S.K.: 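Encoded as structure tokens, here's the structure I'll be asking about.
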Amino acid sequence: MADWKGTIDVSHGMSDDHKPGVAERLQRREEERLATVRRRREEQDGLDDKVQESLQSFLEILKFERLSLEKSLAESSTLERSKLIDHFDSLSLRVQKLQRNVSESALFLPPYELKTAQNVIVLLQSKIQETRDQLLPKKKFTFSKKQNKNGSGFDSKHTKDVEKNLDLAISKSASTKSDDDLVVEFAACKFVDRTSETLQKNANEINQKDIALVNLSNCTVLLYGAPSAIHINKLNRCTIFCGPVPGSIFIRECIECTFVLACQQLRIHSTTNSEFYIHVTSKAIIEDCNKVKFAPYNWKYETLEEDYTATGLSKQRNNWDKVDDFNWLATGVHSPNWSVIPSPDRVTSWKI
Amino acid sequence: MGLLTILKKMKQKEKEVRILMLGLDNAGKTTILKKFNGEDIDTISPTLGFNIKTLEHRGFKLNIWDVGGQKSLRSYWRNYFESTDALIWVVDSADRMRLSDCKKELHALLVEERLAGATLLVFANKQDLPGSLTAPEIREALDLNSIKTHHWLIQDCSAVTGENLLNGMDWVVNDIASRIFTMD
């Protein structure tokens with residue numbers, strides 16, 4: 001530094017009289033520069049300190065909260081049952097707050113601390129849930145019918161209302177009903193548990209409604225109209241006809257059935273040995289199916305054209321032979337689970 | 001201005017959130033996504049794989065992942081969990097037969113560590129069908145009241161008519177914003 005200053009002194013030696021302050025100015029500038037560097041370094045240190053401080057306080061808060069939560073949790077068993085729900089709710093809320101604190105601090109936490117903090121929270125959550133399950137066993141959710149439905153003094157309209165008003169009371173006792181019973185009780189438009197019958201519904205009964213067909217065997221179902229959606233479950237040796245559906249048709253667990261359907265979406269699950277004469281504007285899909293065969297839709301009834309117009313289902317677009325098999329994702333090789341019915345083998349006119 | 005504030009401000013500028021949309025097959029996930037994005041919904045096929053859409057909504061950049069709900073695809077759901085800000089669970093409100101399935105799958109997701117802290121919106125979809133269950137009925141059926149680990153809301157909606165889709169999305173965005181971004 002001294003050499004450098006000396007050089008300047010020498011080179012400007014001749015003009016010292018005119019510019020007496022050069023060396024001093026340079027000296028001053030150098031000091032300023034050093035001061036700036038020093039200030040910057042201090043600022044940097046300050047920031048590091050701040051991060052260090054936040055980290056310290058974060059870890060302290062985390063530790064404190066963890067201990068106090070664990071303590072409250074341990075006290076749970078001594079509380080009255082009626083107060084338990086509120087107690088657990090408040091505990092969960094505190095963990096949630098802690099979680100929020102962690103995600104807010106995630107920006108300055110070193111990866112290890114973040115991981116530790118998250119572990120602590122997960123552990124606390126599972127501990128709370130565990131204790132909660134122990135002390136407050138979960139009630140089972142079931143649908144239950146109003147018990148006085150069969151009692152006297154009920155006119156048919158009232159009974160209908162009761163049926164319509166879904167009774168969703170949580171009850172422990174009525175857990176014996178299977179899922180299918182939900183449909184039996186509640187779906188507005190349905191055929192359930194029928195054998196060897198011809199079942200029919202007309203446009204005014206089904207248009208723009210959703211329909212359920214469940215547990216039928218050896219039945220023929222004729223739906224002369226355009227429902228919005230259809231759920232089909234557990235059919236055996238049935239033949240189903242339906243007009244255009246602007247929404248989706250969902251088929252599960254059917255065996256040896258024939259379906260003649262027009263719709264926007266068709267999903268077929270766990271169905272075997274069945275034939276589908278379909279009009280699908282998107283693409284049909286099959287999953288866990290075997291020996292299902294496809295042909296184009298060919299049912300005709302009086303108001304078919306009107307129903308097509310009313311539903312807006314495109315008559316031109318029919319992807320009946322583009323079937324996606326969710327169990328056969330190989331491209332280039334045809335799925336062994338489905339096939340097209342060769343023209344000569346197709347039914348051309350339905351005897352109803 | 002502390003470092004934290006600066007970093008928050010930076011994050012705030014991006015305002016990018018990741019939303020994962022799941023539910024049983026036939027629930028209407030893709031239809032909701034397309035309707036929300038103003039696309040044609042008449043040609044939607046069942047999702048084989050997934051769809052991603054990035055849309056701008058109220059100044060936020062929403063990355064919405066819509067993953068197929070077929071049984072054979074559900075085991076792949078977990079591949080999409082990472083850094084999810086919100087989970088949208090879509091329910092076919094007219095599918096009474098599979099409500100217990102629906103409940104089981106939802107509750108299995110909620111214990112996932114990587115979804116901890118994510119906002120949960122349940123769309124009770126297909127309210128346009130006369131036989132559909134209402135939002136309170138779906139809430140009971142899915143036992144939503146037992147959820148203490150996530151902020152949640154159930155919203156009845158119809159993807160076909162577009163009814164209430166915006167309400168639901170607004171809630172999701174607000175909830176994420178209050179959690180991650182400092183609101184001005």
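We name chains A, B, ... by the order of the sequence lines, and we start the count at 1 in each one. From a predicted model like this one, the values you see are computed outputs, not experimental measurements.
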S.K.: Are any of the side-chain heavy atoms of B/Glu137 and B/Thr134 separated by less than 4.5 Å?
M.R.: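 Side chain of B/Glu137 against side chain of B/Thr134, heavy atoms only: contact under 4.5 Å found.
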
S.K.: Is chain B contacted by the side chain of A/Asn119, its backbone, both, or neither, given a heavy-atom distance below 4.5 Å?
M.R.: side chain

S.K.: Relative to chain A, which segment of B/Asp95 carries a heavy atom at a distance below 4.5 Å: side chain, backbone, both, or neither?
M.R.: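 Backbone plus side chain of B/Asp95, per the 4.5 Å heavy-atom cut-off to chain A.
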
S.K.: Do NZ/NE/NH1/NH2 and the carboxylate oxygens of B/Asp101 and B/Lys71 come within less than 4.0 Å?
M.R.: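 No.
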
S.K.: Does any heavy atom of chain A fall under 4.5 Å from the side chain of B/Gln70, the backbone, both, or neither of them?
M.R.: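 It is both, since atoms from each part get that close.
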
S.K.: With the threshold set at 4.0 Å, does a side-chain nitrogen-carboxylate oxygen contact exist between B/Arg74 and B/Asp25?
M.R.: yes

S.K.: With a 4.5 Å cut-off on heavy-atom pairs, point out which of A/Gln125, A/Gln99, A/Gln265 contacts chain B the most.
M.R.: A/Gln265

S.K.: Select, from A/Gln264, A/Glu287, A/His269, the one with the greatest count of heavy-atom pairs under 4.5 Å involving chain B.
M.R.: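 If we count pairs closer than 4.5 Å to chain B, A/Glu287 comes out on top.
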
S.K.: Using non-hydrogen atoms and a 4.5 Å limit, figure out which bit of A/Leu329 sits close to chain B: side chain, backbone, both or neither.
M.R.: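 Looking at A/Leu329, just its side chain touches chain B.
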
S.K.: If you count heavy-atom pairs under 4.5 Å with chain B, which of A/Ala229, A/Pro227, A/Pro246, A/Ser282 comes out on top?
M.R.: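 Result: the option with the highest number of such pairs is A/Ser282.
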
S.K.: Cation-pi check for A/Phe191 against A/Lys201: NZ or CZ below 6.0 Å from the six-membered ring centre and within 45 degrees of the axis, yes or no?
M.R.: yes

S.K.: Do you know which of A/Ile85, A/Asp89, A/Asp324 has the most heavy-atom pairs with chain B at a distance under 4.5 angstrom?
M.R.: A/Asp89

S.K.: Taking atom CD as the centre, does A/Gln208 end up with more than 12 heavy-atom neighbours from other residues, nucleotides or ligands that are less than 6.0 angstrom away?
M.R.: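 Incorrect, the count does not exceed 12.
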
S.K.: Determine, using ring centers only, whether B/Trp65 and B/Phe50 are less than 6.0 Å apart.
M.R.: yes

S.K.: Ignoring hydrogens and geometry beyond distance, is a side-chain donor-acceptor pair present between B/Arg58 and B/Asn174 at under 3.5 Å?
M.R.: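 Looking only at side-chain atoms, B/Asn174 and B/Arg58 do form a donor-acceptor pair, the distance falling under 3.5 Å.
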
S.K.: Select one option (side chain, backbone, both, neither) describing which atoms of A/Gln118 are under 4.5 Å from chain B's heavy atoms.
M.R.: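 Neither part; nothing is under 4.5 Å.
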
